[in-house]
Amino acid sequence: MRLNEVTYNDAKPIEGYGPGFFRIGGEVFHGAVLTGPEGTQIWGGYDAPDALLALAGQIDVLFLGTGAEIAHMPTELRDRLEEAGVGVEVMASPAAARTYNVLLSEGRRIALAMLPV
């Protein structure tokens with residue numbers, strides 16, 4: 001078996017998570033987070049769409065982690081993101097983190113917004 005080192009360019013991988021926190025690129029963030037080509041920041045959740053809309057043109061897909069379980073995102077938010085040209089994939093936060101890491105390692109243009117588990 002041959003092992004290859006994964007390079008993540010400027011974005012940082014999700015290294016872990018637990019009740020109310022995420023560990024991303026060696027830092028711990030409490031609450032909802034947004035990570036992608038511009039780095040990682042605390043995200044205000046569904047009531048803070050501007051940070052997500054600012055990703056238009058920078059990414060092809062936004063993964064939205066809805067917490068411990070998969071849930072629907074607000075229709076108004078989905079409509080606004082789609083109008084801006086931001087594709088959205090909704091899944092539980094653990095699945096979203098795993099998917100983000102895999103596609104990040106492939107050099108894809110992606111971002112991840114997650115609600116805590």
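Worth saying up front: this structure is predicted, and the values here are computed from it rather than measured.
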T40 (side chain) donor-acceptor with T35 (main chain) under 3.5 angstrom: no

Any side-chain heavy-atom pair of P94 and Y17 under 4.5 Å: yes

Trace of the salt bridge (Lys or Arg N to Asp or Glu O under 4.0 Å) decision for R78 with E82: CA-CA 6 Å; R78 178 180 287 282; E82 288 178 357; 3.5 Å; yes

Same apolar cluster (I L V M F W Y, side chains within < 4.5 Å links), I42/Y100: yes

Heavy-atom closest pair, residues E15 and G26: OE1-N, 2.8 Å

Inter-residue atom distance M91.CE - I70.CD1, 0.5 Å rounding: 7.0 Å

Whether W43 side chain and M114 backbone form a donor-acceptor pair below 3.5 Å: no

Donor-acceptor contact below 3.5 Å, side chain Q58 vs main chain A54: yes

Minimal non-hydrogen separation, A92 against A68, with atom names: CB-O, 3.7 Å

Pairwise distance CG(L55) to CG(L34) - rounded to 0.5 angstrom: 5.5 Å

N101 side-chain N/O to I14 backbone N/O, donor-acceptor pair under 3.5 Å: yes

Close side-chain approach of T75 to R80, heavy-atom, < 4.5 Å: no

Linked, directly or transitively: F21 and L112 (ILVMFWY side chains, under 4.5 Å): no

Side-chain donor or acceptor of S105 paired with backbone N/O of V102 under 3.5 Å: yes

Closest non-hydrogen atom pair between G45 and A32, with its separation: N-CB, 4.4 Å

Side chain to side chain contact (heavy atoms under 4.5 Å, CB included) partner of R109, the single match among L104, L103, D60: D60

Atom of A113, atom of L52 and distance for their closest heavy-atom approach: CB-CD2, 3.8 Å

Spacing of CG belonging to L115 relative to CG belonging to L64, to within rounding of 0.5 Å: 6.5 Å

Heavy-atom closest contact (G36 atom, A11 atom, distance): O-CB, 3.7 Å

Heavy-atom check, side chain of V90 versus side chain of T66, under 4.5 Å: yes

L62 side chain near L81 side chain, heavy-atom distance below 4.5 Å: yes

Heavy-atom check, side chain of V28 versus side chain of F22, under 4.5 Å: no

E89 side chain vs V61 backbone, donor-acceptor pair below 3.5 Å: no

Which atom of A111 lies closest to which atom of P37, heavy atoms considered: CB-CD, 4.4 Å

